[in-house]
Peer 1: 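Pasting in a structure now, in structure tokens, and then I'll have a few things to ask.
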Amino acid sequence: MTGTSVLYQSLLLAQREDSPKHPQLNIIRLKEQECLSLLKRCNNMDQFKQVHAQLLKWGLFSNSFAATNLVATCALSDWGSMDYACSIFRQIDDPVAFQFNTLIRGLVKDIQFEEALFLYVEMVERGVKPDHFTYPILLKASARLRGLEEGMQIHGHVFKLGFQGDLFVQNALINMYGKCEEIEFSCAIFNQMDQKSVASWSAIIAAHAKVGLWYECLMLFGEMNSEGCWRPEETTLVTLLSACTHLGALHLGKCTHSSFLRNISELNIIVQTSLIDMYVKCGCLDKGLCLFQTMPERNRLSYSVLISGLAMHGRGQEALRLFSEMLRQGLEPDDVVYVGVLSACSHAGLVDEGLRCFERMITEHGIVPTLQHYGCMVDLIGRAGLLGEALGFIKKMPIELNDVVWRSLLSACKVHHDLEIGEIAAKSLFQLSSQNPSDYVVLSNMYARAQKWDDVARTRIEMARKGLNQTPGFSWVEVSRKVYKFVSQDRSHPKWDNIYEMIHQMEWQLKFEGYSPDTSQVLLDVDEDEKKERLKGHSQKLAIAFALIHTSQGSPIRIARSLRMCNDCHTYTKLISVIYEREIIVRDRKQFHYFKDGTCSCRDYW
DNA sequence: TTAGGGTTAG
């Protein structure tokens with residue numbers, strides 16, 4: 001405490017000096033200055049406690065200025081203790097709004113959201129009027145808590161006190177509703193704002209990202225740009241990268257990468273991980289691997305994105321090697337990592353290894369399996385053709401089953417032509433509330449293969465009775481750095497005439513290659529010609545036609561889809577890859593399909 | 001005299 005002793009000496013000295021006008025005031029100011037400088041020099045709790053004791057000794061605590069700064073230093077510094085900050089706060093007789101705000105902010109920083117909200121209630125009860133700084137902090141707390149009810153109550157208070165026009169309050173409201181997945185409320189606030197800051201744009205984009213409206217995220221970025229409200233911020237760029245990843249927008253992802261390199265000197269681990277994820281999920285596995293190798297520091301998420309990426313690309317063995325490396329590094333895997341690991345085993349056909357991993361997940365890492373893990377296991381066992389075992393596994397599951405698990409089994413039965421178990425899986429699916437028309441089609445096709453025509457008819461009638469229609473799927477394709485979205489059967493596209501002409505031209509070429517449309521998966525009660533017309537309008541085909549028109553010969557076409565692929569689109573795309581000599585990379589919800597020279601990397605299993 | 005608000009990865 002030599003430094004403090006010197007200060008103390010100077011303080012005593014100052015007290016002896018007389019100021020001609022306001023001697024007392026000058027001494028108080030000096031004391032306050034010393035108090036601040038002492039607090040600023042604290043680097044840990046011990047030093048802080050010593051300073052606190054010293055200030056008490058000097059009788060400085062009754063001074064509101066000193067009390068405020070004591071609470072702020074202890075609550076907001078990296079080394080501070082919230083308990084200690086609270087105890088100091090409790091010694092203040094009549095805390096003012098600023099002091100309440102500071103402690104609330106500290107509690108939010110310390111992830112004590114509920115306590116932060118309680119303190120606000122106390123503040124109101126004690127008659128301290130919250131100011132416009134209070135609300136953004138509180139809204140942040142309810143956003144982090146995903147507490148819509150609390151958030152809406154606070155919104156009510158914002159109105160009552162007339163803070164609804166404050167820019168920061170509005171930004172915080174957009175964020176709160178966004179985190180609670182109430183995107184419409186976020187949009188309503190955003191749209192009525194007179195003035196928008198970069199933060200407003202960031203908040204509305206993040207709100208769209210939260211509910212998976214990735215295409216809308218890109219559109220908002222475009223708008224933000226055109227309104228001249230653009231300053232590359234790390235966090236905003238990370239959200240942009242995430243949108244690129246989900247949409248499979250490689251070019252835009254690459255541009256975002258260069259934007260990072262131009263504007264941010266050192267890429268942190270979040271940015272690096274997001275970049276790896278983007279490259280891997282946009283089909284550039286090697287680039288992702290390369291970035292991973294150059295990372296100075298890796299965490300669980302960095303490993304997680306690459307493990308699941310390798311699994312998606314069908315490189316199960318490498319994914320497992322990476323998982324072992326992760327464990328050797330002393331990183332503890334979580335449930336998401338294990339989803340990647342189990343799906344890697346499934347893609348590589350490693351049944352025993354998969355079963356061992358599943359066991360290890362429970363016993364060694366204490367992770368309770370979720371439906372996703374069970375889904376992977378059924379997929380793994382079913383893919384290997386062990387359908388009886390897969391069914392046995394399902395029956396032993398100590399968890400309520402969902403459609404995904406049964407659908408995995410049904411899909412394995414389809415591949416291995418096991419009608420008996422297929423029927424069990426399909427019937428279980430039909431009993432569940434989520435009705436998916438494609439389940440009926442798969443079963444009906446299995447009956448058709450076994451030439452059970454009565455059952456085919458019965459299944460179709462059941463489907464019609466339930467009024468099930470196919471949900472329109474989307475495909476995204478990137479052309480000249482812009483992402484275009486195609487919805488099945490949607491003819492409203494401005495370039496529709498050109499696309500239709502291309503589809504017509506493709507159809508002729510396909511006929512020469514012996515293609516005949518597979519109408520078995522068109523679920524409408526229409527004639528054969530109409531069904532063929534319907535097939536032509538599948539979003540993936542529209543996207544391919546558009547890309548063939550607008551990209552140079554020989555360049556690869558990259559598509560991302562919202563749903564899994566139908567048989568007809570799969571066959572169609574294989575043939576297009578030969579006729580037009582294009583590599584076509586399609587990413588569906590589960591995996592990648594590399595179409596090249598008339599074959600697909602999934603070896604027709606998906 | 002002092003101090004406080006939004007947005008980031010699987």
Side-chain angles (χ1 to χ4, degrees), chain A residues 25-26 28-37 39-40 63-73 75-76 96-106 108-109 131-141 143 163 166-176 178-179 186 189-190 196-210 217 224 231 233-246 256 260 264 267-278 280-281 288 299-309 311-312 333-340:
Chain A
L25 190 70
N26 279 354
I28 291 168
R29 289 276 177 276
L30 191 64
K31 277 180 174 177
E32 287 171 355
Q33 284 307 309
E34 294 296 344
C35 155
L36 246 188
S37 95
L39 284 170
K40 278 185 183 161
N63 176 303
S64 171
F65 178 88
T68 304
N69 285 296
L70 269 169
V71 173
T73 309
L76 302 172
V96 293
F98 180 81
Q99 289 162 335
F100 270 104
N101 289 351
T102 306
L103 198 66
I104 294 176
R105 220 158 61 84
V108 173
K109 187 171 177 278
D131 59 18
H132 66 287
F133 285 110
T134 315
Y135 289 103
I137 317 168
L138 285 175
L139 288 166
K140 187 175 176 178
F163 292 127
D166 183 275
L167 181 65
F168 286 95
V169 173
Q170 288 170 327
N171 291 345
L173 280 167
I174 296 172
N175 180 44
M176 183 275 292
K179 288 277 187 298
S186 294
I189 293 160
F190 182 77
K196 293 172 181 118
S197 65
V198 179
S200 325
W201 285 99
S202 302
I204 195 71
I205 289 164
H208 282 83
K210 182 79 183 49
C217 279
M224 179 179 172
R231 197 178 66 227
E233 281 192 339
E234 186 184 273
T235 49
T236 336
L237 288 177
V238 168
T239 315
L240 178 58
L241 261 187
S242 192
C244 294
T245 307
H246 285 90
T256 315
F260 268 117
I264 290 151
L267 305 188
N268 68 24
I269 194 160
I270 298 179
V271 176
Q272 288 172 331
T273 306
S274 306
L275 280 169
I276 293 171
D277 196 34
M278 185 277 291
V280 170
K281 295 222 175 85
N299 63 14
R300 178 200 299 167
L301 264 89
S302 331
Y303 277 94
S304 182
V305 296
L306 203 54
I307 290 171
S308 60
M312 273 184 96
D334 66 0
D335 55 331
V336 187
V337 173
Y338 263 109
V339 170

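In what follows, chains are A, B, ... by sequence order, proteins preceding strands, each numbered from 1.
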Peer 1: Which one, B:dG6, B:dT7, B:dT1, comes nearest to the side chain of A:N171?
Peer 2: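 So the side chain of A:N171 is nearest to B:dG6.
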Peer 1: OP1 or OP2 of B:dG10 sitting under 4.0 Å from any side-chain N/O of A:S242?
Peer 2: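 Answer yes for this pair, as a side-chain N or O of A:S242 is under 4.0 Å from OP1 or OP2.
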Peer 1: Counting side-chain heavy atoms from C-beta on, which of B:dT1, B:dG4, B:dT8 comes nearest to A:F98?
Peer 2: B:dG4
Peer 1: Is any N or O donor-acceptor pair between the side chain of A:N101 and the base of B:dG5 shorter than 3.5 Å?
Peer 2: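 It does not, because no donor-acceptor pair links the side chain of A:N101 to the base of B:dG5 below 3.5 Å.
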Peer 1: If you look at every strand shown and take non-hydrogen atoms under 4.0 Å, does A:S274 touch a base, only sugar-phosphate, or nothing?
Peer 2: sugar-phosphate
Peer 1: Is there, by distance only and without an angle test, a donor paired with an acceptor across the side chain of A:T235 and the base of B:dT7 below 3.5 Å?
Peer 2: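 Present.
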Peer 1: Looking only at side-chain atoms of A:D166, point me to the closest of B:dG10, B:dG4, B:dG5.
Peer 2: B:dG5
Peer 1: Would you classify A:V305 as touching base, sugar-phosphate or nothing, given that sugar-phosphate means primed atoms plus P, OP1 and OP2, and contacts are heavy atoms under 4.0 Å?
Peer 2: sugar-phosphate
Peer 1: Within the structure, does a side-chain N or O atom of A:R105 lie under 4.0 Å from either OP1 or OP2 of B:dG5?
Peer 2: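 For B:dG5, OP1 or OP2 has a side-chain N or O of A:R105 closer than 4.0 Å.
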Peer 1: Indicate, with a heavy-atom threshold strictly under 4.0 Å, whether A:H208 touches base, sugar-phosphate, or nothing.
Peer 2: nothing
Peer 1: With a 4.5 Å limit on heavy-atom distance, are the side chains of A:T239 and A:T235 in contact?
Peer 2: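 Contact flag for A:T239/A:T235 side chains = no.
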Peer 1: I need the NZ-P distance between A:K40 and B:dT2, as an integer number of Å.
Peer 2: 8 Å
Peer 1: Which nucleotide, B:dT2, B:dG4, B:dG6, lies nearest any side-chain atom of A:D131?
Peer 2: B:dG4
Peer 1: With respect to the phosphate group of B:dG5, does any side-chain polar atom (N or O) of A:K140 fall under 4.0 Å of OP1 or OP2?
Peer 2: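 It does not, given that no N or O in the side chain of A:K140 lies less than 4.0 Å from OP1 or OP2 of B:dG5.
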Peer 1: For A:A206, answer base if it contacts any base atom (sugar-phosphate contacts may also be present), sugar-phosphate if it contacts only those atoms, and nothing otherwise; contact means non-hydrogen atoms under 4.0 Å.
Peer 2: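 Sugar-phosphate contact only - A:A206 comes under 4.0 Å of backbone atoms but never of a base.
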Peer 1: Under a 4.5 Å cut-off applied to non-hydrogen side-chain atoms, are A:R105 and A:L76 in contact?
Peer 2: yes
Peer 1: Base, sugar-phosphate, or nothing for A:N299, non-hydrogen atoms under 4.0 angstrom?
Peer 2: base
Peer 1: Any base atoms under 4.0 Å from A:T273, or only sugar-phosphate, or nothing? Heavy atoms, all strands.
Peer 2: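 Contact class for A:T273: base.
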Peer 1: Looking for any heavy atom pair under 4.0 Å, which part of the strands does A:V169 touch: base, sugar-phosphate only, or nothing?
Peer 2: nothing
Peer 1: Main chain of A:Y338, side chain of A:D335: is a donor-acceptor contact present, judged purely on distance under 3.5 Å?
Peer 2: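 It does not hold such a pair.
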Peer 1: Quick check for you: among B:dG5, B:dG10, B:dG6, whose closest atom lies nearest to any side-chain atom of A:F133?
Peer 2: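 Nucleotide nearest to A:F133's side chain: B:dG5.
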Peer 1: Tell me whether the OP1 or OP2 atom of B:dT7 has a side-chain N or O from A:N175 closer than 4.0 Å.
Peer 2: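 A:N175 to B:dT7 OP1/OP2: side-chain N or O found under 4.0 Å.
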Peer 1: Among the nucleotides B:dG6, B:dA9, B:dT2, which one has an atom lying closest to any side-chain atom of A:S202?
Peer 2: B:dG6
Peer 1: Within this structure, what is the CD-to-C1' distance between A:Q99 and B:dG4, rounded to whole angstrom?
Peer 2: 12 Å
Peer 1: Where the side chain of A:A199 is concerned, which of B:dG6, B:dG10, B:dT2 is the nearest nucleotide?
Peer 2: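 The answer is B:dG6, which lies nearest to the side chain.
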Peer 1: Describe the nucleic acid contact of A:K109 in one word from base, sugar-phosphate, nothing, applying a heavy-atom distance below 4.0 Å.
Peer 2: nothing
Peer 1: Is any side-chain heavy atom of A:H246 closer than 4.5 Å to one of A:S242?
Peer 2: yes
Peer 1: Does A:K179 reach a base, just sugar-phosphate, or nothing at all? Heavy atoms under 4.0 Å.
Peer 2: sugar-phosphate
Peer 1: Would you call A:Y135 and A:L173 a side-chain contact if the rule is heavy atoms closer than 4.5 Å?
Peer 2: no
Peer 1: Any N or O donor-acceptor pair under 3.5 Å from the base of B:dG10 to the side chain of A:D334?
Peer 2: yes
Peer 1: Would you mind telling me which of B:dA9, B:dG10, B:dG6 lies closest to the side-chain atoms of A:I270?
Peer 2: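 Minimum distance to the A:I270 side chain belongs to B:dA9.
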Peer 1: For the side chain of A:H246, counting heavy atoms from C-beta on, which of B:dT8, B:dT2, B:dG10 is nearest?
Peer 2: B:dG10
Peer 1: Counting C-beta onward and ignoring hydrogens, is there a side-chain heavy-atom pair between A:V271 and A:I264 closer than 4.5 Å?
Peer 2: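 Of all side-chain heavy-atom pairs linking A:I264 with A:V271, none is under 4.5 Å.
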